[in-house]
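Working notes for the structure below.
We name chains A, B, ... by the order of the sequence lines, and we start the count at 1 in each one.
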Protein chains: 2
Amino acid sequence: MRILVVEDDRILGEAISQRIGRMGHGLDLAQTGNQANQMLGVQEYDLILLDLNLPDMTGNQILQNLRKKQSNTPVIILTARDEIKDRIELLDLGADDYMAKPVDFGELEARCRALLRRSQGQAQNTIEYGNVCLDLQACTVTVAGVLIELKQREFRLLEVFIGHTGRVLSKETLIEHIYNFNENPNPSVIEIYVARLRKSLQDSDIHIRTIRGLGYLLEKHHD
Amino acid sequence: MRILVVEDDRILGEAISQRIGRMGHGLDLAQTGNQANQMLGVQEYDLILLDLNLPDMTGNQILQNLRKKQSNTPVIILTARDEIKDRIELLDLGADDYMAKPVDFGELEARCRALLRRSQGQAQNTIEYGNVCLDLQACTVTVAGVLIELKQREFRLLEVFIGHTGRVLSKETLIEHIYNFNENPNPSVIEIYVARLRKSLQDSDIHIRTIRGLGYLLEKHHD
DNA sequence: CCCATGTCATGCGTATTTTAGTGGTCGAAG
DNA sequence: CTTCGACCACTAAAATACGCATGACATGGG
C-alpha cells in the first residue's frame with residue numbers, strides 16, 4: 001500500500017512517516033500543497049493523510065482537486081482546528097475521516113488500517129481470497145490454513161493483488177504501489193516477485209495469470 | 001440505501017432515525033442487541049449505526065458477529081466513552097468510524113454520507129455495445145456474457161471501434177489510435193486485426209462492415 | 001563480517017505482432 | 001455486360017518483443 005503524507009511541520013511529518021513506514025507501507029512526504037498536487041498528479045495512492053494548514057494552500061483545495069479527478073482514494077484529515085462546522089464540510093468534500101492534533105499515533109495507525117481495509121473492500125483485518133488469507137497486522141499468510149513464509153516485498157505484492165482483484169495490473173502499476181516515489185526499480189523486478197509468489201502459492205487455489213503486454217491478473221483456480 | 005440504527009435510548013434513537021430518514025434512506029431501528037442480530041440475519045444493510053452500550057450485549061459482540069459473517073457493511077460506532085484505547089480496538093475490530101455522544105446530527109449525517117459514498121464508489125468501468133461488453137480494468141471482453149480471449153492489439157482496436165460507433169474509421173485513423181507516434185506499421189495490419197476481430201465477434205450481434213476505399217464501421221447486426 | 005533480502009543482467013523459449021504473398025471482391029468505365 | 005485496377009481477406013511464415021529462470025551483484029542489519 002502506498003500512502004501520501006501532506007504535512008508542513010517537518011518534525012510531525014517525519015514522526016508520522018516513521019510510524020507509518022513501520023507498518024510496512026510505501027510512503028511519500030509532501031511539505032507543501034504544490035508538492036502534494038504534483039505527486040497526486042503522477043502517482044496513485046491508497047491513502048492520504050492531509051494536514052489542513054499548509055503554507056501555500058488549504059488542504060481544502062487539495063481535496064477538491066483530488067475529487068475533481070474522480071479519485072476515491074481515502075483521505076484522513078489532520079487538523080488543529082476542532083470546529084465541527086469545518087469538519088463537516090471536509091467530510092462532505094470527500095474526506096473519509098479526520099483527527100485532531102495533537103495526533104495519537106496509535107489511533108492514527110488504527111484509522112489507517114480501517115480505511116485501507118475498507119478501500120480494499122474488506123472490513124476485517126484479514127483479507128481472504130480463495131483459500132489464501134492475509135493477516136494485515138501480523139503480515140502473515142496462510143494457504144488452506146497452513147502458514148507460509150513470505151518476504152516483505154512478496155507480501156506487499158500479494159496484498160496489492162488481492163486488493164485489486166478483477167483488474168489487470170501492469171508492472172508499472174504494481175511498482176507504484178509497493179515502492180516509494182524516489183525508488184525506480186527496473187520493472188522486471190516484478191517478474192521476479194511474481195515468480196516467487198507463484199511458487200509460494202502453488203498449493204493454493206488462486207494463481208497469477210500473466211497477460212502478455214498488459215500485466216498480471218489474480219484469479220481463482222478452476223481446473 | 002438501507003440503514004440500521006442500533007440504539008437502546010428511545011429518544012435518541014428516534015431522533016437519529018428522523019434525521020437519517022430525512023436523507024431519503026430506508027431505516028430500521030433496533031433497541032436491543034438481540035433485535036439487531038435478528039434484523040442483520042434477515043436484511044442486508046448499507047450502513048449500521050451502532051450504540052456500544054446496549055442492555056443485553058455489547059456493541060462489540062454485534063460487530064464481531066457481523067464480521068464473522070463476512071459482511072463488510074460499514075459501521076459507525078456511537079459511544080459515550082471517549083477513551084482512545086477502546087476506540088482503537090473497535091476500529092481494529094472492523095468498525096469504520098465512531099462518534100462520541102452527545103451526537104452532533106450534522107456531523108453524523110456528513111459521516112454517513114462519506115461512508116455510503118465510499119462503499120458505493122466501486123463502480124465498474126465497462127463499455128457495452130450490443131451484446132458485447134468491454135471491461136476496461138480487467139481488459140476482458142464478453143459476448144453475450146461469455147468471456148472471449150483477445151490479444152492486446154485486438155482489444156485496443158475493439159475499444160476504438162466501440163468508442164467511435166457510427167463513424168467510419170480509416171485504417172490510418174485506427175493506426176493513430178492504437179499505435180504510438182514513432183511506430184509506423186503498414187496500414188494493412190489493420191486488415192489483419194479486423195479479420196481476427198471479426199472471427200472473435202462472429203457469435204455477437206455486432207459486426208465490422210467494410211466501406212471500400214474509406215475504412216471500417218462498427219454496426220449492430222440486423223439480419 | 002556474514003547472512004538475509006532485495007535488485008539487476010543475461011540468455012532462452014514462446015506468444016504476439018508484422019510482413020509477404022496469393023487469390024478474391026468490388027465498382028466504375030468502356 | 002465485360003474488363004481492369006484497386007482494394008481487401010486470408011494464410012503462412014519471419015521477426016520481434018515479452019516474460020521467465022538462473023545466477024551474480026548490492027545493501028543493510030545483526
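A side-chain donor-acceptor contact under 3.5 Å links A:N131 to the backbone of A:D205. A donor-acceptor pair under 3.5 Å is formed between the side chain of A:T73 and the backbone N or O of A:Y45. Judged by distance alone, with hydrogens and angles left aside, the side-chain atoms of A:N186 form no donor-acceptor pair with the main-chain N or O of A:V189 at under 3.5 Å.
Counting heavy atoms of neighbouring residues, nucleotides and ligands inside a 6.0 Å radius, atom CD of B:E149 does not exceed 12 of them. Other residues, nucleotides and ligands contribute more than 12 heavy atoms inside 6.0 Å of the CD atom of B:Q202.
Rounded to whole Å, atom C1' of D:dC8 lies 6 Å from atom NZ of B:K171. Residue B:R209 contributes atom CZ, which lies 15 Å from atom C1' of D:dC8 at whole-angstrom precision. Between A:N186 atom CG and D:dG19 atom P there is a gap of 12 Å when expressed in whole angstrom units. Rounded to a whole Å, the CD1 atom of B:I208 is 13 Å from the C1' atom of D:dA9. Remark: P of D:dA9 and NE2 of B:H207 are 13 Å apart, rounded to the nearest angstrom. Spacing between atom CD1 of A:I190 and atom P of C:dG6 amounts to 12 Å, rounded to whole angstrom units. Computed from coordinates, the A:E149 CD to C:dG6 C1' distance equals 17 Å when rounded to whole Å. Distance CD1 (A:I178) to C1' (C:dT7): 12 Å, rounded to an integer number of Å.
Contact annotation: B:Y193 side-chain N/O to C:dT16 OP1/OP2 distance is not under 4.0 Å.
Under a 4.0 Å N-O distance rule, the pair B:R111/B:D97 qualifies as a salt bridge.
In this structure, B:R198 has no salt bridge (charged side-chain N to carboxylate O under 4.0 Å, His left out) partners at least two apart in sequence or on a different chain. Applying the salt bridge (charged side-chain N to carboxylate O under 4.0 Å, His left out) criterion to A:R67, with sequence neighbours excluded, gives A:D96.
Residue pairs that meet the salt bridge (Lys or Arg N to Asp or Glu O under 4.0 Å) test with at least one member in residues 170-191 of chain B, sequence neighbours left out, are B:K171-B:E191.
The residue from A:L197, A:I162, A:I127, A:I148 that alone fulfils the side-chain contact (heavy atoms from CB on, under 4.5 Å) condition with A:V141 is A:I148.
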Heavy-atom protein contacts under 4.0 Å, nucleotides 21-30 of chain C, coded B base, S sugar-phosphate only, - none
----BB----
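For the 3.5 Å distance criterion, the side chains of A:N34 and A:T32 fail to qualify, holding no donor opposite an acceptor.
Across residues 150-169 of chain B, B:K151, B:Q152, B:R153 each have a non-hydrogen atom less than 4.0 Å from an atom of DNA chain C (numbered order). Listed by residue number, B:R198, B:K199 are the residues of residues 196-203 of chain B with a heavy-atom contact under 4.0 Å to DNA chain D.
If you check C:dC8, C:dT17, D:dA9 against the side chain of B:T210, the one that comes closest is D:dA9. Nearest to the side-chain atoms of B:Y216 among the listed nucleotides C:dT18, C:dT7, D:dA9 stands D:dA9.
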